[in-house]
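Just so you know, these numbers use all the heavy atoms, side chains as well, and skip hydrogens, waters and symmetry mates. Fair warning: this is a prediction, and the values are worked out from it, not measured in the lab.
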Amino acid sequence: MTKIVKYSLLAIEKGINIQKGQKLLIRSSVDNANFVRTLSELAWKKGAKDVIIQWFDEQINRQRYLYGEIDIFGVKNKWFVEYINKIVEEDYQVLTIYSGNPEILKDIDPDKTTKEFSVLSKIAKPFSEKIMNNKIQWCVLCVPSPEWAIKVFPNAENSEKAIELMWDAIFKINLIDDNDPFENLSSQTKKIQDYNFKSLTFKNSLGTNLEIGLPKGHTWVSCCETAKTGNTFIANIPSYEVFTAPHRNEVNGIVYSTKPLIYMGNIIDKFWIKFEKGQAIEYKAEVGNEFLEKMITLHPNANFLGEVALVPHSSPISKLGLLWYNTIYDENASCHIALGNGYSSTLPLVENLSEEEKMEQGLNQSISHNDFMIGSECMNIVGKTEDGREIQVFKNGEWAI
């Protein structure tokens, strides 16, 4: 069995974990046709009732942004997003394959991308709610593309060599020869859950000094989650994070990014954000400051946190020492936080409440969710318990509990 077939099996059997009688939507670039055909066949053989594919092409999308007049953005594709909403209404599980160029929209008029992202995010709310609330099984994984591979391996002699190097790295970080990758997180998740921390304080030598309050009843979650279907799934492949929801109104201090962030097809790098009573009140990026501002201000409540995630500096991804320019990978090499929507799975008590009631309980609600990396080998985290004890959670980038 080749490693690519093993990777495909990981996606179908453990990632999306498709069951007999379930329907599956696979979303992918046309460049990954052969890989998608393998996934589709495996799903059919597992007993899927239906498998449909949503194809897209980044280069054609770039042409639209480059040559299209601004009045078409956020309008022309409305029917297509509604079509995707209809698919998830009919209980299709969703498997997304990412292989994009990190800078595909570089030098594109930001007014066009802003309008498109803003309108389509609102239209796609039923789809995103299904995902964020684990009402369906969902999974995101990556395969190499020439543009992305060259970005990660700039010294490769050509794109073919870069793709070969990237596949090798993907197999390593996904522990493709391991019978049960990502299984070791469950014990660490239980340890931090048992402390029932009231808050976490993040500090490092880069200037980060951030206190994050945690809502009552919060739950720490790791890679293997359970959907409302009753089936387990792995949302991100790979996954080395243990995460929960911050209290949206109890975040104070300043935090510095430690890796670049890709937003609207553009890079945001070397930035800091200052929070007061949960709200991002000041921020600055050396690279992509305009897009940092859009990320924080474009949507209501996008300036509050919805996730805090702990990842040791010694994670398999971090050990490779690569900068992936892709949040799925970079966030699993580093502690990270996310601006925007919080996952209801991390605060079970609010599951059946309205959006307003969820926010009253501390779970942020927004149509956006943007992770950014804050961890490093010098990150120290101290948790405060309900009875006032202070516990070292991370020391020099590693678990201390």
Side-chain angles (χ1 to χ4, degrees), residues 3 6-18 27 39 93-99 131-134 136-143 166 169-193 218-227 229 231-245 258-259 261-262 306-320 322-338 341-346 369-375 394 397-399:
K3 289 187 175 181
K6 286 184 178 180
Y7 188 53
S8 304
L9 284 168
L10 176 63
I12 294 297
E13 294 183 349
K14 294 188 178 181
I16 197 68
N17 189 23
I18 200 71
R27 309 166 71 209
L39 294 173
Q93 317 309 306
V94 180
L95 176 59
T96 302
I97 315 301
Y98 180 87
S99 57
I131 296 288
M132 296 294 289
N133 296 322
N134 289 352
I136 58 173
Q137 294 145 237
W138 59 282
C139 177
V140 182
L141 73 156
C142 300
V143 300
M166 180 172 275
I170 286 174
F171 295 147
K172 286 179 182 177
I173 62 181
N174 283 289
L175 309 178
I176 209 67
D177 292 321
D178 195 320
N179 290 329
D180 197 1
F182 326 127
E183 67 175 344
N184 297 324
L185 288 175
S186 57
S187 61
Q188 204 65 64
T189 306
K190 185 180 184 305
K191 285 180 184 179
I192 193 167
Q193 183 67 50
H218 69 275
T219 298
W220 289 90
V221 180
S222 56
C223 62
C224 193
E225 301 183 62
T226 301
T229 60
N231 301 314
T232 59
F233 67 97
I234 300 174
N236 288 346
I237 294 180
S239 183
Y240 296 103
E241 63 179 315
V242 177
F243 66 95
T244 193
T258 53
K259 293 179 184 291
L261 167 66
I262 306 301
E307 179 187 349
V308 54
L310 308 183
V311 181
H313 187 64
S314 60
S315 80
I317 303 180
S318 181
K319 282 182 177 178
L320 286 183
L322 296 172
L323 184 57
W324 289 88
Y325 297 97
N326 174 283
T327 301
I328 298 169
Y329 279 24
D330 286 330
E331 73 171 8
N332 281 287
S334 169
C335 291
H336 54 276
I337 52 181
N341 201 47
Y343 292 98
S344 293
S345 60
T346 61
H369 179 94
N370 294 293
D371 299 89
F372 63 96
M373 286 58 72
I374 64 171
F394 261 53
E398 301 296 331
W399 286 103

CD1 of Ile337 to CZ of Phe372, rounded to nearest 0.5 Å, is 3.5 Å
Counting distance only, does the side-chain N/O of Glu225 pair as donor-acceptor with the main-chain N or O of Thr232 below 3.5 Å? no
message: Would the distance check show the side chain of Thr258 and the main-chain N or O of Met373 forming a donor-acceptor pair, the cut-off being under 3.5 Å?
response: yes
Checklist entry - Would you say the ring centroid of Phe243 lies under 6.0 angstrom from that of Trp220? => result no
(request) Measure up the Trp138 and Tyr343 rings against each other and bin them: parallel (under 30°), tilted (30 to 60°), perpendicular (over 60°). (result) parallel
Quiz item: Do Glu331 and Asn326 get their side chains close enough for a donor-acceptor pair, meaning under 3.5 Å?
Solution: no
Criterion side-chain hydrogen bond (donor to acceptor under 3.5 Å, both in side chains) on Thr327 and Asp371, from CA distance to verdict
CA-CA 7 Å; Thr327 301; Asp371 299 89; over 6 Å; no
inquiry  = Keeping Tyr240 on the side-chain end and Ile173 on the backbone end, is there a donor-acceptor pair under 3.5 Å?
reply    = yes
Original post:
Heavy-atom distance under 4.5 Å between the side chains of Ile12 and Leu95, does that happen here?
Top reply: yes
Check: Do the non-hydrogen side-chain atoms of Tyr7 and Val143 ever get within less than 4.5 Å of each other?
Finding: yes
### Query
Among side-chain atoms of Glu241 and His336, is any donor-acceptor pair under 3.5 angstrom?
yes
More than 12 foreign heavy atoms under 6.0 Å from NZ of Lys172: is that the case here? no
Can you tell if the side chain of Thr244 reaches within under 4.5 Å of the side chain of Val308, non-hydrogen atoms only?
yes
One should read off an interatomic distance between Asn174 CG and Cys142 SG, to the nearest 0.5 angstrom, of 9.0 Å
Q. Hey, does Ile317 have a side-chain heavy atom less than 4.5 Å from the side chain of Pro238?
A. yes
His369 side chain to Glu307 side chain, donor-acceptor N/O pair below 3.5 angstrom: yes
**Prompt:** Are the side chain of Asn231 and the backbone N or O of Ala227 linked by a donor-acceptor pair below 3.5 Å?
**Reply:** no
| request: Keeping the roles fixed (side chain from Asp330, backbone from Trp324), state whether a donor-acceptor pair exists under 3.5 Å. | output: yes
Does Thr189 use its side chain to pair, donor to acceptor, with the backbone of Leu185 at less than 3.5 Å? yes
Please evaluate residues Gln137 and Asn17 with respect to the criterion side-chain hydrogen bond (donor to acceptor under 3.5 Å, both in side chains), reporting the C-alpha separation (whole Å), side-chain torsions for both, the decisive distance (0.1 Å), and the verdict. CA-CA 8 Å; Gln137 294 145 237; Asn17 189 23; 5.7 Å; no
The reported gap from OG1 in Thr346 to CE in Met132 (rounded to nearest 0.5 angstrom) is 8.5 Å
To the nearest 0.5 Å, atom NZ of Lys259 lies from atom CD1 of Ile374 at 12.5 Å
Taken to the nearest 0.5 Å, the spacing of Ile328 CD1 from Thr96 OG1 works out to 8.5 Å
One should read off an interatomic distance between Leu39 CG and Ile97 CD1, to the nearest 0.5 angstrom, of 5.0 Å
| field | Side chain to side chain, Asn236 and Tyr329, heavy atoms closer than 4.5 Å | value | no
Determine yes or no for a side-chain-to-main-chain donor-acceptor pair under 3.5 angstrom, with Ser315 supplying the side chain and Asn332 the backbone.
-> yes
In short, Ser314 meets Lys319 closest at the heavy-atom pair O-CE, 3.2 Å
task = Take Gln193 and Thr219 through the side-chain hydrogen bond (donor to acceptor under 3.5 Å, both in side chains) test and state the conclusion after the steps.
result = CA-CA 7 Å; Gln193 183 67 50; Thr219 298; 4.6 Å; no
Flag, side chain of Ser334 to backbone of Gly375, donor-acceptor distance under 3.5 Å = yes
